[in-house]
Each structure stands twice: as C-alpha cells, then as structure tokens.
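These figures come from a predicted structure and were not determined experimentally.
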Amino acid sequence: MYNFREMMKDVYWVGGSDKRLSRFENLFPLPSGVAYNAYLIVDEKTAVFDTVDASISTLFVNNVKKILDGRDLDYIVINHLEPDHSAALAELLVNYPKATIVTNQTAVRILEQFYGKQFSNIMIIKECDKLELGQHTIEFMFTPMAHWPESMMSYETSKGILFSSDAFGSFGAVDGKLFDYEVGLENIDFSEARRYYSNILGKYGDRVQNALRKASAKKINLLCPVHGIVFKDHIDKILEKYILWSNYESEQKGVTIAYASMYGNTKDAAFMLANELAKNGVKNIDIFDVSETDISFVISSIYKNSHFVLMSVTYNMEIYPKMQQLLDDMKALTIRSKKAAVIGNGSWAPIATKKMSEHLCQLKDVVEIFEPITIKSALNDVTAMQVEELAKRFSEDILS
Ligand code: FEO
C-alpha cells in the first residue's frame, strides 16, 4: 500500500493521516484526525524531510520505496525530533541503512534519549549550512522552541520550498486535498490551525516571531508544515495569522464567555450575558461550558477574541476544578493583551470571584474592565442588573 503526491517535479509528499487517534499528545481532541507530513526530494542525491508517527510508519516507508524504486536514500533530514515526526526513523533506516541523518547538535542529544545510540551515521549541521542534492540546494534555519529546542526548518533554494516543521501546521487529516487551493480559501479551517498554534506553540510567541523573521526573509512558493495542508496560493493568509498570533493580537473584536456551572444558575447568567451582548449589537460571541468543551477550544477562542468573561461557581472553597484548569492553561500558554471580566457564584462562601481576579492579575496586559460580579446561588434583580451593565460596558468597548 502506498499513497503519495508529487507536489512539483521531483518533490513529493510522502506523509499520511490518522483518523483513529482520539487525542493529539494524548491531550487535545482530534475531531477531524491529524496528518503527519513528510517530504521527499529526488535529485542526484535523495533526501527525506522528517519521518512520521508510528501509526503510519509503514505507509510512509512504502511511499518512499515506491518513489525511489530501488534507488538509495541518501539523506534523512530531521527538522524536529518529537516522536510524531521521528518514530518511523528506525523503520526507514532498516530499508535504507546507508542513509545519513542530517540534523543539528541539539537534536542528536534528544535522538539518543529517545532511541539510544543505534544511529551512528549522522551529519551535524549548523545554522545556514547548505546541503547540495544536485539541482536542489537545502539551507537550514534554526528555529529553537518552535516547537522544541532542536526545531529547525529546511529551505529549498531553487524552487522556494520551506519545510517548516510544526510551524504553520494544523489539526485535521488531509482528506486527499493536500494543497490550500484544492481545499479552497473559504474552506481552509484556520480555527483548527489556531487551536493547534495556541495550544502547541502559543507559549513560545517570541520564538515563533524569530522563526517568522527567518522565514519571511526567504521567497516562499510552497509552505510545507508537518501537520495539515500545504500552502501554495494562500501563504500570505497563514503568515498573517501567525504574525497576529505570535504577537498576541486578537483576530477580531468579540467575546469569549467560559462558564463553570453545577446546577445551571451560572449557566443561566452566562446565557443572559450573551443575550445582552447580542441585543447590544455584538456579533462575535463564543460561549463554552468548561465541563463540556475541551479547554483547547476555549483557549483558541480566547486567542481569537478581544474580550473574555470567566464565570465560575465556588467549589470546596476554590474555583471550580474545570475553570481552574482553564486558568492554569491560560497562564501556561501566556494568554495576554485582552480585556476581561469575572463573575463568581457561591451559596455560602463565594470565593471564586476573588480567586479568578487574582489569577487574571498574573496575565500580562489582561485588564478587567468591569467590577467583578458575585452571584449568590442564582441571579436576582441586583446581580441581573450588574450582568446587563457588564454587557453594556463590553458592548461599548467592542463597538466603539
Ligand atoms: Fe508535531 Fe512538535 O511535533
């Protein structure tokens, strides 16, 4: 079985997709699966760029063997060593024992940590080093922490192909339509690219900017990440998104409402707030029950919108655990530059309001623009009026 694409003459996609894996990194839900992209250039010398996850390793090796048709594989370039891109290395080398692994010094250390000292034929390259394949020359750009310290990109100079590793990737299987123009601009799922970025790379915005500076200095005609689709016609669109995301700039004026509710009273307040915002003319409103929706989707929405409201019941004299998880993730992923408000609830010792505000104080440039509201068990006339006022304040700020 093989399944590959010739992307341009002598340049191939040799990856594949997994639609059975339920969670990426055993953490993030994959409603549309995930793709593991790897690439192959056939020239006077032959080179593979990254391998794939163990789940599709045999397909990947079969793809390479089918294309090479008896030829040797000369190089295996490792841009990133996380196992979703390196797990097929041993299987590939069983078939091509003379191939040279091409990577950086940092990667060698991690390679040994994962796989021991079984690989000895390694060429260690430095920043800006070049690898000559014949008609194709590869230049290496080190992009540490986008996503791991050894992360780098490989740039093919004659055609302008950037093998960008995790950067510009997305959740979602490749369902035959590999290129952005095959998917169509209106159908490209930038929300899953954002969920991938915000949860996987979001913590490293300054490092992603470093990678962007290096990538932007090159003429890119084909942008080839290791997850998701390949960009050809809409490279500018994904670059625009990455500039926004890595600078922690919101994509739109809008509100993310995330609530934690046990018996429905906090939920009722959340939906009243959403209703008031909509009545005031706010168009972009996302509302999430943190007990129902995986946190990664909430994080992605907070990245997108300019404003957010967190609403939580008090639980064991703390913030409700699912809301606490969201707050912990917001801190870990360095959410910043947002306008915010909190609404807490409690029946006999409502402490969630104060504790949520304390958490938000730790986030850079996250400003509460409305006095925290505390509900006692359920909305009453006073607290309902406060929710209306909060909606008014947010609406004025968004629509101004
Ligand atoms: Fe897709 Fe950082 O690995």
Side-chain angles (χ1 to χ4, degrees), residues 4-15 37-52 60 63-65 67-81 85-86 89 92-93 96 98-108 111 119 121-144 146 150-169 178-180 210-226 230-233 235-236 238-239 242:
F4 60 83
R5 286 283 290 271
E6 187 169 25
M7 301 197 300
M8 61 173 67
K9 187 174 181 308
D10 298 331
V11 182
Y12 298 86
W13 172 78
V14 288
N37 298 330
Y39 304 93
L40 170 66
I41 292 182
V42 179
D43 200 334
E44 292 166 28
K45 298 286 186 182
T46 58
V48 154
F49 296 83
D50 289 305
T51 73
V52 295
F60 159 72
N63 286 341
V64 174
K65 286 166 72 174
I67 296 163
L68 291 183
D69 193 24
R71 277 193 65 180
D72 280 341
L73 177 63
D74 295 297
Y75 300 113
I76 303 168
V77 176
I78 298 177
N79 285 321
H80 182 25
L81 249 169
H85 311 294
S86 66
L89 188 56
L92 187 61
L93 277 164
Y96 297 99
K98 290 188 281 188
T100 300
I101 294 171
V102 181
T103 194
N104 58 62
Q105 185 69 60
T106 308
V108 172
L111 183 71
F119 309 122
N121 190 10
I122 302 174
M123 178 194 297
I124 296 173
I125 47 91
K126 300 188 296 300
E127 173 90 16
C128 297
D129 274 0
K130 291 186 170 60
L131 181 69
E132 302 292 346
L133 302 179
Q135 299 296 310
H136 302 271
T137 300
I138 308 301
E139 187 178 322
F140 300 104
M141 296 188 276
F142 288 11
T143 53
E150 88 294 357
S151 293
M152 65 180 197
M153 298 183 185
S154 299
Y155 178 68
E156 193 283 336
T157 59
S158 69
K159 303 293 183 196
I161 307 168
L162 185 66
F163 301 106
S164 63
S165 191
D166 276 339
F168 313 112
L178 175 64
F179 293 101
D180 55 2
N210 177 49
L212 275 174
R213 273 191 292 275
K214 291 184 180 183
S216 301
K218 305 293 184 189
K219 170 77 175 141
I220 304 171
N221 296 316
L222 204 58
L223 181 53
C224 303
V226 286
V230 169
F231 288 88
K232 183 171 185 289
D233 286 1
I235 292 171
D236 56 331
I238 189 69
L239 283 174
Y242 262 66

The side chain to side chain contact (heavy atoms under 4.5 Å, CB included) partners of D129 (sequence neighbours excluded) come to I125, K126, F140
Tell me the closest heavy-atom pair linking T143 and A211, and the distance in Å. CG2-CB, 3.6 Å
Would you say the side-chain atoms of S86 pair up with the backbone N or O of L81, donor to acceptor, closer than 3.5 Å? yes
Test of understanding: with side chain to side chain contact (heavy atoms under 4.5 Å, CB included), list the residues that count as partners of L239, not counting sequence neighbours. F168, L212, I235
Going by the side-chain contact (heavy atoms from CB on, under 4.5 Å) test, name the single residue among V108, V102, T106 that passes it with N104. T106
The residue among N37, V14, I138 that forms side-chain contact (heavy atoms from CB on, under 4.5 Å) with F49 is I138
Counting C-beta onward and ignoring hydrogens, is there a side-chain heavy-atom pair between D50 and F163 closer than 4.5 Å? no
Please examine the side chains of L222 and F179, heavy atoms only from C-beta on, and report whether any two atoms are closer than 4.5 Å. yes
Residues in side chain to side chain donor-acceptor pair (under 3.5 Å) with E127, at least two apart? K214
Can any side-chain N or O of D10 pair as donor or acceptor with the backbone N or O of D43 at less than 3.5 Å? no
Taking C-beta and beyond as the side chain, do L89 and I78 meet within less than 4.5 Å on heavy atoms? yes
Between CZ on residue F142 and CE on residue M153, distance to nearest 0.5 Å: 13.0 Å
In the structure I gave you, are the side-chain heavy atoms of N221 and K219 within less than 4.5 Å of one another anywhere? yes
Could you tell me which residues satisfy side chain to side chain donor-acceptor pair (under 3.5 Å) with N210, sequence neighbours excluded, listed by chain and number? none
To the closest 0.5 Å, what do you measure between CD1 (I122) and CD1 (I101)? 5.0 Å
Do any N or O atoms from the side chain of T51 and from the backbone of H85 form a donor-acceptor pair under 3.5 angstrom? yes
Is any side-chain heavy atom of I220 less than 4.5 Å from a side-chain heavy atom of F231? no
Is any side-chain heavy atom of E150 less than 4.5 Å from a side-chain heavy atom of L111? no
Are more than 12 heavy atoms, taken from residues, nucleotides or ligands other than Q135, located less than 6.0 Å from that residue's CD atom? no
Show your reasoning for whether side-chain contact (heavy atoms from CB on, under 4.5 Å) applies to Y75 and L133. CA-CA 9 Å; Y75 300 113; L133 302 179; 3.7 Å; yes
Only counting residues at least two apart or in another chain, list the ones meeting side chain to side chain donor-acceptor pair (under 3.5 Å) with S158. E156
What heavy-atom pair brings A215 and L162 nearest, and what distance separates the two atoms? CB-CD2, 3.8 Å
Verify the neighbour count for atom NZ of K159: are there more than 12 heavy atoms of other residues, nucleotides or ligands below 6.0 Å? no
Identify the two heavy atoms, one from M141 and one from K218, that lie closest to each other, and give their separation to 0.1 Å. SD-CE, 4.1 Å
For residues M7 and V230, report the shortest heavy-atom separation together with the two atoms involved. SD-CG2, 4.2 Å
Does some side-chain heavy atom of L223 sit less than 4.5 Å from a side-chain heavy atom of S164? yes
On a heavy-atom basis, the closest approach of N63 and G15 is ND2-O, 3.6 Å
Could you state the interatomic distance from CD1 (I67) to CD (E6), rounded to the nearest 0.5 Å? 8.0 Å
Enter the distance from N121:CG to Y96:OH here, rounded to the nearest 0.5 Å. 16.0 Å
Minimum side-chain heavy-atom gap K98-D72 below 4.5 Å: yes
If only atom types and distance count, is the side chain of Y39 paired as donor or acceptor with the main-chain N or O of P225 below 3.5 Å? yes
Without swapping roles, check the side chain of T46 against the backbone of D74 for a donor-acceptor pair under 3.5 Å. yes
Separation between NZ (K232) and CD1 (I161), nearest 0.5 Å, reads 11.0 Å
Under the side chain to side chain contact (heavy atoms under 4.5 Å, CB included) rule, collect the residues that match up with S165, sequence neighbours excluded. N79, H80
